[in-house]
Amino acid sequence: MFGLRTFANSEIGMVKISGENCIGNQRSAMGNVQFRTFNPVSNKENDWIFCEATVEEINEAAVLSSQAFKFYRNTPPAERANFLDTIADEMEALGNDLLIVFCTESGLSESRARAERARTIFQLRSFAGLLRGNDWKRTSIDVAEPNRTPSPKTRLTKTLIPLGPVVVFGASNFPFAYSTAGGDTASALAAGCTVIVKSHPMHAGTGELVGSAIIKAAIKTGMPNGVFSNLNSKGIEVGVHLVKHPMIKAVGFTGSIQGGRALFDLANQRAEPIPVFAEMGSVNPVVISPLSLIRKAEFWAGRYADSMTQSAGQFCTNPGIIFVPESSELDLFSQLLTEKLEVIENQSMLHPSIFATYSKKKEEVLTEKSVELISEKRSEKENYMGHVLARTSGAQFLENTNLHKEVFGVFSLMVTYKDEVELTKIIEQMEGQLTGTIIVEPEEMPTFNSVIEVLKYRVGRIIFNGVPTGVEVCPSMHHGGPYPASTDARFTAVGTDAIYRWLRPISFQNFPDDFDIES
Ligand code: NAP
C-alpha cells in the first residue's frame, strides 16, 4: 500500500508516460510546444513532458473521427456495450500506476482516486447496460390509417441517431469521472458518436493512461480506427481549433463559466452552429429553516462543514451560499460551523492557478463592504487552504450581485433572511444553479412550499434535508440547470440520460413495415 497523498519518487518514476498525442490508434508528437503537469502537494513540476497537438494533428484526428463515425454509428448496440465494458476492464488493468499518476497530478488523495475510478468504471458499465436494454432509443410507431377521414394517416416511425464526432473537454476537478473516459465520453460512445478528447493540461498523464485503455479496448473489440483520439494542449488553441472544425458536430465541457461560455459562443459563430453541453459554475444554495436551527444546529453545522470541505471545495455541487434565518440562534450556528470547519485538515488545491483564482475571488467577496468575515483558516503551505466563512444580510445580497458569484474552493457566504417572503425574493433573483437544498422540520413544510416553488425554476435538482455534494449516478439523477449552471438545462451530464445529448430524432414516413430503421 502506498501513502495517502504522496508517493516515493521511485514509484512515480516507474510509471511510463510518453507525452504523445493519440490520433486514433497511432501515437504522434509532431509539435514543438511542450509542457509538464504539476504536483500541488510537493509544489513541483512532474518529470513527464507532454507535446501539444499541432494544427495538422488536430485536423488528422478530426478527419479520422469523421471517417470512423461512418462505421461506428452502425455498430450494433451490443457491440458498443462490449466496447464500453472492455474500456472499464482496461482501466482497471492499469492498476496502481493509474492511481499514482492521478494523485501526483491532482494532489487528491488515494481514497478519492479509488472512489473516482470506481465511479468512472460504474458509469462505463451503466451505459453498456443501457445499450443492452430495448427502450433507450424511445422508438415510436404510428400505424397507417389509410381509411381515416377526411385525410388518410401515413405510417410514421421515430427513432434516434447519433450526431457525429464529439469533442470532450476534460475537467480539472474530475480527472477520471469527467475527463478522458468520463461521463461525457462514455455517453457519447454509447450513443454511437466518435470522440476526440481535449485532455486537461493539469492531468495530461492521467489522460494518456486512460486514453491508452480506450484504444486497447477499441482494438480488442474491433472498433474502427479513429473511434477515439486524445489530444494534449498547453493553452486554449487546441480546443478552439477543435470546436471550429467543420467535422465536429457537438461538444461536452465541464469547467468555468468563462471557458464554457467562450466555447458556446464559438460554436454558435460557426457556419454550421453545433450544440455545446457545458456544465459550469454553481453556488448550490442551501436554505436552513428556523426550526432546524433551533433543534438541530449542531447536526447541520457538521453536515454542512463536511459538504463544504469535500475535495477542497472543488466540486461543482459544492455549497457556496447558506441562507440562515435572522434569529437568536444565528451566532450559535456560526460558532458551531466554525468549530466543525476548524478541525478539518487543510487540503491542497488541484493546481497553483486554481489556488490563485480561489485566493483572488474570496478576497473580492471579503472586501465588499457589506460582508463580515466569520472565520478563516489559512495554511502556511503553498496551494493548501483551510476555509473561509463570511456573512451578509439578505437585503445586501439582493442589492449586490457580486455576492452571488462562485468562489471555487472551501468558501461559504452565510446570507441571513428575515422571512420566507424575503427568501423567495432572493432565490428568484439568483442565477441558475445545479442544485438547491432545503433543510426544514416537518411542521414548516406548508411555509416552505413557496420556497420550493421558486427553487424549482432556478435549479436542476432539489435536495430535501441533505447536502448537495455526493452525486448518485442513476437514471433519475439530473445534473444540469438553468444558465449559467449549464448551457442547456434540458439535459443531464450525470446518469444514463446523458446519452440524449448526443442523439437527435429522425422520423421515417410511409416506409414499408419491414424496413429496418436501425440499419
Ligand atoms: P476552465 O478554465 O474553464 O478550463 C477548462 C477547459 O476549457 C480547459 O481545458 C481549458 O483549456 C479550456 N478553456 C478554457 N477557456 C477556454 C477558451 N476561452 N477557449 C477554449 N478553451 C478554453 O476550467 P479549469 O481549468 O478546469 O479550472 C479553472 C476554474 O474553473 C476554476 O478555478 C473554477 O473556478 C472553475 N471550475 C469550475 C467547475 C465547476 O464544476 N463549477 C469545475 C472545474 C473548474 P486550457 O486548460 O488548455 O487553457
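Every number for a ligand or one of its atoms is a count from 1 in the order of the listing. Computation of the quantities below employed the complete heavy-atom set of this structure, encompassing side-chain atoms and omitting hydrogens, waters and symmetry-equivalent molecules.
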Problem set entry | Gly235 to ligand 1, any heavy atom closer than 4.0 Å |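 Per 4.0 Å heavy-atom rule, Gly235 contacts ligand 1.
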
For this session: Could you establish whether Gly239 and ligand 1 come within less than 4.0 Å of each other, counting only heavy atoms on the residue side?
Result: no

For this session: Look at the rings of Tyr72 and Phe83 and say which category their plane angle falls in: under 30° parallel, 30 to 60° tilted, over 60° perpendicular.
Result: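 Perpendicular.
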
So, regarding [X] and ligand 1 (criterion: nitrogen or oxygen to nitrogen or oxygen, under 3.5 Å), is there a contact or not?
| X | answer |
| --- | --- |
| Ser172 | yes |
| Pro201 | no |
| Thr254 | no |
| Lys361 | no |

Which residue holds the protein heavy atom closest to [atom], what is that atom called, and what is the gap in Å?
| atom | result |
| --- | --- |
| atom 11 (O) of ligand 1 | Lys198 NZ, 3.3 Å |
| atom 25 (O) of ligand 1 | His200 NE2, 3.2 Å |
| atom 42 (C) of ligand 1 | Asn173 ND2, 3.3 Å |
| atom 18 (N) of ligand 1 | Ala262 CB, 3.3 Å |
| atom 14 (C) of ligand 1 | Gly259 CA, 3.7 Å |
| atom 16 (C) of ligand 1 | Ile236 CG2, 3.6 Å |

Of the listed options [options], closest to [atom] (non-hydrogen atoms):
| atom | options | answer |
| --- | --- | --- |
| atom 2 (O) of ligand 1 | Ser256, Ser353, Ala485, Ser282 | Ser256 |
| atom 33 (C) of ligand 1 | Phe253, Phe408, Phe174 | Phe408 |
| atom 12 (C) of ligand 1 | Tyr178, Phe35, Phe169 | Phe169 |

With no hydrogens and no angle check, just 3.5 Å: does a side-chain donor-acceptor pair link [X] and [Y]?
| X | Y | result |
| --- | --- | --- |
| Glu279 | Ser486 | no |
| Ser187 | Trp502 | yes |
| Ser18 | Glu208 | yes |
| His387 | Ser375 | yes |
| Tyr500 | Arg490 | no |
| Thr37 | Asn46 | yes |
| Thr435 | Asn284 | yes |
| Ser172 | His351 | no |

Pull out every atom of ligand 1 sitting under 4.0 Å from any heavy atom of [X], numbered as shown with elements.
| X | result |
| --- | --- |
| Val240 | 19 (N), 20 (C) |
| Ser233 | 47 (O) |
| Glu406 | 41 (N) |

For this session: Apply ring-ring contact (aromatic ring centres under 6.0 Å, His included) to the pair Phe355 and Tyr384, showing each step before the final yes or no.
Result: CA-CA 8 Å; Phe355 178 71; Tyr384 274 69; 8.9 Å; no

Within reach of ligand 1, part of [X] (heavy-atom separation under 4.0 Å):
| X | result |
| --- | --- |
| Leu263 | side chain |
| Glu279 | side chain |
| Met280 | backbone |
| Cys316 | both |

Problem set entry | Arg501/Asp184 salt bridge by N-O under 4.0 Å criterion |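 Yes, Asp184 and Arg501 are salt-bridged.
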
Problem set entry | N-O pairing of Lys362 and Glu376 below 4.0 Å |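 Salt bridge: yes.
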
Exercise. Can the ring centroids of His404 and Phe397 be said to lie less than 6.0 angstrom from one another?
Worked result: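 Yes, ring centres under 6.0 Å apart.
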
